[in-house]
Every structure is written in structure tokens, then in C-alpha cells.
2 protein chains.
Amino acid sequence: MISKKMKYAIKALVYIAQHSKENSSVKTNDIASKAIIPKKFLEQILLELKKNRIVNSRQGSMGGYYLMKKPNEITLAAIYRLCEGPIALVSCASLNYYEPCSDCVDEATCKIKFALIDIRQKTIANFESITIATLI
Amino acid sequence: MISKKMKYAIKALVYIAQHSKENSSVKTNDIASKAIIPKKFLEQILLELKKNRIVNSRQGSMGGYYLMKKPNEITLAAIYRLCEGPIALVSCASLNYYEPCSDCVDEATCKIKFALIDIRQKTIANFESITIATLI
DNA sequence: TTTAAATCCTACTTATTCTGTAGAATAAGT
DNA sequence: ACTTATTCTACAGAATAAGTAGGATTTAAA
């Protein structure tokens, strides 16, 4: 199960994609009330999405958030990595966040590792097939 | 990422599958020391695997654990559900543990739900393709 | 029948993560 | 200046993770 953070992130991105017209931005307040997300929690999430260049923002009274990428370029995989961490089920099966298992007996012959690398590949493919565009 | 509990469960099941001969059982102590798993934690995990009829046990000095199913009948999906809960990423996309989202705006038209039901199906297929037999 | 060795059971602990809140600083438009 | 937004940092309460502790129970063998 994903965290509420990730669910809110998805809902917020979908909302922004649906409600931003040409050169416009969407306010945190609107997203929070319409998509039913605790506002102060949402602020933090949007800030993190901004740090990762998925959205950008304008401050001030005409401010708000807007997407920095096309909806079909924002994949579930990217959101997952941001909110939940590595997609791999164990660190030794991760490409970007590889770490040996502290309780590993023999990594070279560990069949669990190879099986979970296979799962990771399939999961990434699944997660990349879904984007904000498919959720609008 | 899976919990240590689940990783230990997998390792223990693999160890039992590898080391139980005809009518024999495997001791917690052996599993713990050879597979590098904290013993008291492992006890709890094996107890839970027993409650779920994946393993069975004998008490006493010749006691220990043995598989209740064939290795190829113990799927990653079953172990996951036992250790981590539902496979679905959100409760509203779960079949066995369905619950509506508390923050849902309109479930009937929620595209996130449908996308995550799709992900669930694919994940289940992936998790069922791996069994203890493939990890021996 | 006693004893040793194993599982079984319940409770507790410690650290971390999750899910938010609070409040002030900063920026921009009117 | 004033209003309205984002930005930043800190904090708090609850839940979960990852074990530990200690004894009760069961069984086989001496």
C-alpha cells in the first residue's frame, strides 16, 4: 500500500493537470479543498515535487503551482521513487539505491536477489506505463 | 521495499525447503544461525507462517518446522499478503481488503482507482510467478 | 520419571516513520 | 502598505517496525 503522501501527490498532480490553463497556475488552497487533502501537508508535498522539478510555482497573490513536464512525462514510477523510495523490494536488487543486505549469506548465489531483480524490472515497466495523462 | 520480517520469512522457507529430508523437520536454531536471522524474531515469524498453514511444527527435542505445502505452491504473493498486507496500492483497489478511500471525491469516476486495479492485477501475476521452488 | 530441548505465547521496548500542525519568513501583485 | 500566496523549519502524536525477554507447554529420550 502506498502512503497518503503519495496518494495526495497523485491527486494533486492530476488536479493541477486538469485545472491549469495556458500560463496559469493552481493554488494550494484550491487543490486542498477540491481534492480533499490537508492543506499544510499538501504544501510540503508540493514543495518536494518542486524540488524534483515535477512542478514549479509562482509566489504572490496570482501565484500557485503548475506542471513543469507534460502530463504524459510524469510517470507513476517517478512519483513512487519520490514518495516511497526505491521500487526494488530489497536494497540489493536496486539499481539506483544498491546496498548489500546486512543478513546476506552469499550474494553471488542468492536466488532471492535474482528473482527480486526480475520483479523490479516488471514493476518499473508497470509503473512507467501509467502517467498523469492516463489519470486525467 | 519489503520489511525484514518478509525477507526473513522467505529466507526461512527457502532454508526449510532445502534442508528438510523425508519426514524430518528443521530447528529454529539452525535456521537462525545459518540464514542469519535473529532467533526470537524468527520464532514469531514461523509461528505466523504456521497459523497460515504454510508450515507445520513438532514440539519437543526432535521437533522443528517443516513445509505444509510443496515449495512450488508457496507463492511470493501469499507471503507478501501475510507479511505486508494487501498487494493493492490503495485499499479501494483491493479485492480481499476493499475499503473506500476516506479522501475520495467520486469513486465511480476515479481514474486512479482503475489504474491501480490494473497495477494490482499485474503485480499479483508477478508475485504468483515466483515460489519457494524457484528460490531453492 | 526426570530432564533436556524444542516450540508456543504474551508482553514489553526502542527507534523510526507517518501524518499531520504551527508559525513565521518571503515574495509578488494591487 | 496590504493582501495573498508560497517557503521554510520545527514540532507533535500515533502507528509501525524490529526486535527482546521470560516463561509456559510439549515431546523424546535417558
Side-chain angles (χ1 to χ4, degrees), chain A residues 1-9 11-12 16 19-20 23-33 35-52 54-66 68 80 82-86 89-91 101-103, chain B residues 1-12 16 19-20 23-33 35-66 68 80 82-86 89-91 101-103:
Chain A
M1 306 268 269
I2 57 175
S3 62
K4 295 211 169 186
K5 177 180 171 183
M6 173 151 172
K7 191 158 56 156
Y8 294 159
K11 294 210 307 178
I16 294 172
H19 292 84
S20 61
N23 273 339
S24 80
S25 56
V26 183
K27 295 184 216 321
T28 306
N29 253 328
D30 284 356
I31 306 170
S33 63
I36 313 182
I37 302 171
K39 189 198 165 189
K40 293 296 267 181
F41 196 10
L42 176 61
E43 281 181 10
Q44 291 177 13
I45 294 166
L46 289 170
L47 234 13
E48 210 170 326
L49 290 172
K50 182 184 176 181
K51 266 186 207 141
N52 284 270
I54 291 172
V55 300
N56 203 354
S57 66
R58 270 186 288 274
Q59 276 185 316
S61 64
M62 285 284 100
Y65 286 91
Y66 55 95
M68 268 200 92
Y80 189 96
L82 207 140
C83 295
E84 313 287 342
L89 292 177
V90 292
S91 60
C101 293
S102 60
D103 60 316
Chain B
M1 306 266 273
I2 58 176
S3 62
K4 293 211 170 186
K5 178 179 173 184
M6 172 150 174
K7 190 157 58 158
Y8 293 159
I10 296 171
K11 294 210 305 178
I16 295 172
H19 292 84
S20 62
N23 274 339
S24 80
S25 56
V26 183
K27 295 184 215 322
T28 306
N29 254 327
D30 285 357
I31 306 170
S33 64
I36 312 180
I37 303 171
K39 189 198 165 188
K40 294 296 266 180
F41 195 10
L42 177 60
E43 280 183 12
Q44 292 178 11
I45 293 166
L46 289 170
L47 236 12
E48 209 170 325
L49 290 173
K50 183 184 175 181
K51 265 185 210 143
N52 284 270
R53 302 176 180 285
I54 291 172
V55 301
N56 202 354
S57 66
R58 270 186 289 275
Q59 275 184 315
S61 63
M62 285 285 97
Y65 286 92
Y66 54 94
M68 269 199 93
Y80 190 95
L82 207 140
C83 295
E84 312 287 344
L89 292 178
V90 291
S91 59
C101 292
S102 61
D103 60 315

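Naming convention: chains lettered A, B, ... in sequence-line order (proteins, then strands); numbering from 1 in each chain.
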* Asked: If we call it a pair only when both distances are under 3.5 Å in a Watson-Crick or G-U wobble match, what pairs with C/dA28?
  -> D/dT3
* Yes or no on side chain to side chain contact (heavy atoms under 4.5 Å, CB included) for A/H19 and A/D30, after CA distance, side-chain angles and deciding distance? -> CA-CA 10 Å; A/H19 292 84; A/D30 284 356; over 6 Å; no
* Derivation of the salt bridge (Lys or Arg N to Asp or Glu O under 4.0 Å) call for A/D103 and B/K11 -> CA-CA 10 Å; A/D103 60 316; B/K11 294 210 305 178; 2.8 Å; yes
* To do: Kindly say if A/K50 contacts the phosphate of D/dT7, meaning a side-chain N or O under 4.0 Å from OP1 or OP2.
  => yes
* What nucleic acid atoms does B/K4 come within less than 4.0 Å of, heavy atoms only: base, sugar-phosphate, or nothing? -> sugar-phosphate
* Hey, which sits more toward the 5' end of DNA chain D by its nearest nucleotide, A/N56 or A/S61? => A/S61
Protein-nucleotides 9-12 of chain D N/O pairs under 3.5 Å:
from: D/dA10; atom 1: N6; to: A/Q44; atom 2: NE2; distance (Å): 3.2

* Side-chain N,O (A/S57) to OP1/OP2 (D/dA5) below 4.0 Å -> no
* Taking the nucleotide of DNA chain C with the closest heavy atom to each, which residue, B/G63 or A/K5, is nearer the 5' end? -> B/G63
* Asked: Base, sugar-phosphate alone, or nothing: which one does B/K27 contact when heavy atoms must sit under 4.0 Å apart?
  -> sugar-phosphate
* Any donor and acceptor pair, going by atom type alone, linking the side chain of A/S25 with main-chain N or O of A/G63 inside 3.5 Å? -> yes
* Structure fact -> Out of C/dT30, D/dG19, C/dT21, minimum distance to the side chain of B/F41 belongs to D/dG19
* Asked: Do side-chain atoms of B/S33 reach the backbone of B/N29 as a donor and acceptor pair under 3.5 angstrom?
  -> yes
* Rounded interatomic separation in angstrom, taking OH from B/Y66 and P from C/dT7 -> 13 Å
* Structure fact -> Pairing partner of D/dG22, by Watson-Crick or G-U wobble and under 3.5 Å for both distances, is C/dC9
* To do: Establish, with yes or no, whether the OP1 or OP2 oxygen of D/dT7 is under 4.0 angstrom from a side-chain nitrogen or oxygen of A/Y65.
  => yes
* To do: Kindly indicate whether the side chain of A/Q59 and the base of D/dT6 share any N or O donor-acceptor pair separated by less than 3.5 Å?
  => yes
* To do: Any chance you could lay out the salt bridge (Lys or Arg N to Asp or Glu O under 4.0 Å) test for A/K40 and A/E43, step after step, and finish with the verdict?
  => CA-CA 5 Å; A/K40 293 296 267 181; A/E43 281 181 10; 3.6 Å; yes
* To do: Give a yes/no answer on whether the side chain of A/Y8 brings an N or O atom under 4.0 Å of OP1 or OP2 in C/dG20.
  => yes
